[in-house]
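Sequence lines set the chain letters: A, B, ... in the order given, protein chains first and strands last, and positions in each chain run from 1.
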There are 2 protein chains.
Amino acid sequence: MVFRDASGRTLEDYPRPSMAVDTAVLTYTPDAALAVVLVQATDPAGWRLPGTFLHPGETLADAVQRSLAAKAGITDLVPAQLHVFDAPGRDDRGWVLSVAHLATVPFDRLHLDGQLTRLATIDAVGSLPYDHNAIIEFAVAELRARYAASPDPEGLLPEAFTILELRQLHEAVAGAPLQRDTFRRAMLPGLVATGGLQRGQLGKPAELYRRAAGRREATTD
Amino acid sequence: MVFRDASGRTLEDYPRPSMAVDTAVLTYTPDAALAVVLVQATDPAGWRLPGTFLHPGETLADAVQRSLAAKAGITDLVPAQLHVFDAPGRDDRGWVLSVAHLATVPFDRLHLDGQLTRLATIDAVGSLPYDHNAIIEFAVAELRARYAASPDPEGLLPEAFTILELRQLHEAVAGAPLQRDTFRRAMLPGLVATGGLQRGQLGKPAELYRRAAGRREATTD
DNA sequence: CTAATAGTGTCTATCAGACACTATTAG
DNA sequence: CTAATAGTGTCTGATAGACACTATTAG
């Protein structure tokens, strides 16, 4: 069926923008920092967020996966839409709207190639082209909301972890220190002890936990 | 500056989708119900959310304003982006992405024309074409989040109101009854007594309030 | 007066913040 | 032993839910 409006024009007669996706891939580094993946571009040269133009018939989520699989060797992502950036002059190459996305990846599943890709710590990202700094702001705010309620909902830690490791992750995400005892009591309902202990450190060995199956909120019941 | 990719193609050589906006305009009716504005279309005939295609150089927010000013006589909106609906087959007229929006309007600022526009109560919207039912779900969820913390943040009530009227509005938004005394105590920090009373009803006259200037959250300080 | 609604006092359970205490390890 | 970290007990203040009480009106 061909659509025609009041003036008899079909859908193809209307000017259309180019549609892009740009993704903030967030990870948690071994030195306890929240970091974002940047890629090197040539055209306006410099570091920026990985992105691509939407292909015909393709889903936004698929475009995100396609743009990241090559550049960062990441698969099985669950990208989340954040916001559409639509300022008319945001891209000097033409009329381009970008749908900003967030994806989280455990550090050991990242395979960055070094020349074309690098990690930047969240509080030390430089000035990026387009509105990519604003996209990172959006992404971090979204991640903070997710981490407020339950223990490591994105699975950035390995299978088993101590509560200290969990708290350091949550502090990196929140960008602020968290109460030691309150944090423990808030997270315990969502955790299951593995029975193992973490030895070799000074002090009493810490119990190892994994996330509870039901991905519980921090409540009593 | 003309952009060319590795194959020498410019931005215009890439296929592009049509970009639309669809808006859930929510209001609060005199009979204490949350309702959404629907418009009558001819092309696939039936009721649907008001929307339009994005014009060149136009902002999404501007397109929302343009599509609503005519059809519902509403101006000075502050539309909020909700989500991009991008399923390849969502529109049988072609490849159309829609950016769903939420706008709230006090009932007495609505000027619906009757033949082409009507209100539907939220829990009695019928089955709408495309993904317009999902858009309404998104919009109501967003409104609920906003109304959880502060008194009538969208200004759906008139200047002065009683706490009973405020609670009835919040119950319509939440879709569930709220505790009478708890609600009052939670909202009072964000309210200012006007000094007036609401008379003429049976029972003790209720004090009239307006929203506090600072749009305070429900806390003590 | 009665019926109805507005507004408040208060008890209980829960929870965050704060702090100190006990428990268990390395060295 | 000492130093350091893990884990817990407990007090305080704030708050939600529940319930009952007082206050003030219409009729």
By nearest atom, which of the nucleotides [options] is closest to the [X] side chain?
X      : options               : answer
B:K204 : D:dG7, D:dG9, C:dA6   : C:dA6
A:Q179 : C:dA23, C:dA18, C:dG7 : C:dA18
B:D181 : D:dA3, C:dT8, D:dT8   : C:dT8
A:A206 : C:dA3, C:dA26, D:dA6  : D:dA6

* Asked: With a 3.5 Å cut-off and just heavy-atom distances, do the side chain of A:R180 and the base of D:dG7 make a donor-acceptor pair?
  ->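 Between D:dG7 and A:R180, which were checked side chain against base, a qualifying N/O pair under 3.5 Å is present.
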* Asked: Does A:R185 get its side chain close enough to the base of D:dG9, under 3.5 Å, for a donor-acceptor pair?
  ->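 Donor-acceptor pair under 3.5 Å: yes.
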When the distance from [atom1] of [X] to [atom2] of [N] is rounded to whole Å, what number comes out?
X      : N      : atom1 : atom2 : result
A:E165 : D:dT5  : CD    : P     : 14 Å
A:R167 : D:dG7  : CZ    : P     : 11 Å
B:L178 : D:dG17 : CG    : P     : 9 Å
A:Q198 : D:dA4  : CD    : P     : 18 Å
A:E207 : D:dT5  : CD    : P     : 18 Å
B:L188 : D:dA14 : CG    : C1'   : 16 Å
B:L191 : C:dA6  : CG    : P     : 15 Å
B:L166 : C:dA6  : CG    : C1'   : 15 Å

At less than 4.0 Å, is any side-chain N or O atom of [X] found next to OP1 or OP2 of [N]? Yes or no.
X      : N      : answer
A:R199 : C:dT25 : yes
A:Q201 : C:dT25 : no
B:R184 : C:dT8  : yes

* Asked: In Å, rounded to the nearest 0.5 Å, how long is the span from CZ of B:R146 to CG of B:L102?
  ->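 CG of B:L102 is found 5.0 Å from CZ of B:R146.
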* Which is it for B:S98 and B:D22 under the side chain to side chain donor-acceptor pair (under 3.5 Å) test, yes or no, and what are the steps along the way? -> CA-CA 6 Å; B:S98 174; B:D22 286 300; 2.7 Å; yes
Scan every strand shown for a Watson-Crick or G-U wobble partner of [N], both distances under 3.5 Å, and answer none if you come up empty.
N      : value
C:dG27 : D:dC1
C:dT14 : D:dA14
D:dG7  : C:dC21

* Verify the ring-centre separation between A:F53 and A:H55: is it less than 6.0 angstrom? =>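 Not close enough - the centres of the two rings lie 6.0 Å or further apart.
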* Any side-chain donor near an acceptor of the partner, A:Q198 and A:E207, under 3.5 Å ->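 No.
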* Counting distance only, does the side-chain N/O of B:R90 pair as donor-acceptor with the main-chain N or O of B:V96 below 3.5 Å? ->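 At least one qualifying donor-acceptor pair exists.
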